Every structure is written in C-alpha cells, then in structure tokens.
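Here is the structure we will look at.
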Amino acid sequence: MTIAAPVNEWFLRNRRDLPWRRAGFGAWGILVSEFMLQQTPVVRVIEPLAAWLERWPTPADLAAVPVGEAVRAWGRLGYPRRALRLHACAVVITEEFGGVVPERVDDLLTLPGVGEYTARAVAVFAYGHRHPVVDTNVRRVIARAIDGQADAGPASTNRDLAAMAALLPQDDADARVTNAAIMELGAIVCTARSPKCAECPIADVCAWRADGYPEYRGPARAAQARYEGSDRQVRGLILAELRTSDIPVTRDELEALWPDAAQRERALASLVADGLVVASGSDFTLPQ
DNA sequence: AATTCGTGGGT
DNA sequence: TACCCAAGAAT
C-alpha cells in the first residue's frame, strides 16, 4: 500500500498515450491488444492492432472469415498460433457469449489463448473489475521493490497474484490504475536491463535499492534456445511464404526455403498439426 | 515443471 | 557479435 499511491500519481503524469487506454476503446479492442501483446513489445503492436480492428470491429466480424485470413493478417507479429486462438476466441464469443466479450475472469479463462494474465487484464482494463493483473513487468517490480531481488524467479501464479493483490487499493477504480501503473513502471522505468532508478517514484521505499542492488540469486531461468537454424525459424520461413502467396505453394517452392529436408518436413508437419497450414492436393495453403 | 512457440530491437 | 528480452499460453 505504500507504493500504490505514489505509483498511481506517477502514472497519471507519465503514462504513455496507448490506443487501448483511450476512452471507449472497447472490450474487443482490449482483448485483441492483449493477444498481440503476449510476448510482443508494445511498439510493434500499434499498427497491426489498428488495421485488425478496422477490418474486424467486432468478434462476429472476425468469426465470419476463414481462420487463414486471421493468420495472414497476423503478419510478422510472431507466435502465429495466437492468430488461430484469437479467431477461435471470436467464434466462441459469438456463439456462446452473444457476441460480447465476457467480463468474468472464469468465463474469460475458458476462451482459447486466454490465460491468467489476459483474463485479468480484460476484466480489469475493459470492465473495471478489481483483480490483480500480473505480467512480466509487474513480477519484476514486485521482485525488486518488495522482495529486494534483482529479478523475479520463475513464475508462480498463486504467489505472484497474491503479492500483487496485497498492493491493490480497495477501490475498484484505484486498483485498476495501480495495475496499469505498476505494469507501466516496469515497462519504462524499472526495466530489465538498465532501470532508471533516478526517475522512479518509489525509489525511496524500494527494497532492492535499499539493499544496495544485490545481484539476482535464485534458480537460473532456462536459456532461450538459439533461433538461427531452429525449427522455429523454418516454421517462420514456411508460413511467411504462405502468407504472401495467393495460390497454393508447391513442395518445390518450400524446398527452396530450407536445405535440410528432414527439418523442413518436421517444421511443415508441425505447422499442419497446429492448424496453421493445410495440404491442398500436393501443395499447401493457409487454412480456409 | 520444463519446453515449445516468432520476430525484431536493444545492449 | 551473441546474447537478452518482450503486457504469455498450452502442453
């Protein structure tokens, strides 16, 4: 509680003017933004989000088109399975929720691609309900300011949600601001690489700072696998080819994308298994 | 619980 | 240059 007030005040003066924070942006827009923001930097989401919502202003609009259109429109945002799940989400919302994005966390959690973070983000930011919202930024701020650790360890949903819940003001509207404010603080001040403690509104109560910025001691997070030469890269190459082609892509064209036949076939098979690619005779297309 | 899943920019 | 990191979810 000693951090909610100063962080809220800081937020009201320093928050970025992001599209999904504009009044009347709508629950659908916020849901789409949260899908796009999963593991993807804010700056890369702005334009695709605007194009997406112009094309599909409601869940029913998206549900009405073939899922392949969603995969194509996803473009280079990364993790294209999110496009499949967002489309599936639109179908469920249209068929089971009357075309209205649900506002209860437990209803939101039933939607494809909606997990603990996204469900609460929608309930809080779109509907104003009072829940803790915990993303990577929030986890880092709490690890530093409260726990005195340089970085958060592995995620632990219950512990992380409880820690954030303990910081929230009682009032729904204030709690909503605090959720956005701590996330924003982690995004632009208490950053992973070079935190700007001189600009931090809670530097005077930060446990990490008070302890002299000790290095992180805890379970090492698994190193991210190298991308170059990975199956992910091959999947990306194949899907990029399909995205930019209006007609089915032949095996010969796919062979030109990657020399290792075994890896190419493995990547292709996994894309088919995911539903991102379908066989069309002896050729391949995005799903219809 | 540990892995897998894109892409691009920062350090 | 090689990492590291990014409003996570599913398995």
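A quick note: this is a predicted structure, and the numbers were derived from the prediction, not measured. A, B, ... follow the sequence lines: proteins, then strands. Residue 1 opens every chain.
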Under 4.0 Å, counting only non-hydrogen atoms across every strand here, what does A/R120 touch: a base, just sugar-phosphate, or nothing? nothing

To the nearest Å, how far apart are A/E47 CD and B/dT7 P? 18 Å

Using the C1' atom as the point on both nucleotides, what is the distance between C/dA9 and B/dG9, in whole Å? 24 Å

If you check every side-chain atom of A/R193, which of C/dA10, B/dT3, B/dT11 has the closest atom? B/dT11

Between B/dC5, C/dA7, B/dG8, spot the one nearest the side chain of A/E34, thanks. C/dA7

Nearest nucleotide by nearest heavy atom, which residue falls closer to the 5' end of DNA chain C, A/E184 or A/L111? A/E184

Looking only at side-chain atoms of A/Y117, point me to the closest of B/dT7, C/dC3, C/dA7. C/dA7

Side chain of A/Y79 - closest among B/dG6, C/dA7, C/dC4: B/dG6

Separation between the C1' atoms of C/dC5 and B/dG6, rounded to whole Å: 13 Å

B/dG6, B/dT7, C/dA7: which one has an atom nearest the side-chain heavy atoms of A/R76? B/dT7

Which nucleotide in the list B/dG6, C/dC3, C/dA10 gets nearest to the side chain of A/Y227? B/dG6

Testing C/dC3, C/dC5, C/dG8 for proximity to the side chain of A/R221, the answer is C/dC5

Looking only at B/dT7, B/dT3, C/dG8, the nucleotide nearest the A/R243 side chain is B/dT7

Below 4.0 angstrom from OP1 or OP2 of C/dG8, is there any side-chain N or O of A/Q39? yes

Return no unless some side-chain N or O of A/T136 is found under 4.0 Å from OP1 or OP2 of C/dA6. yes

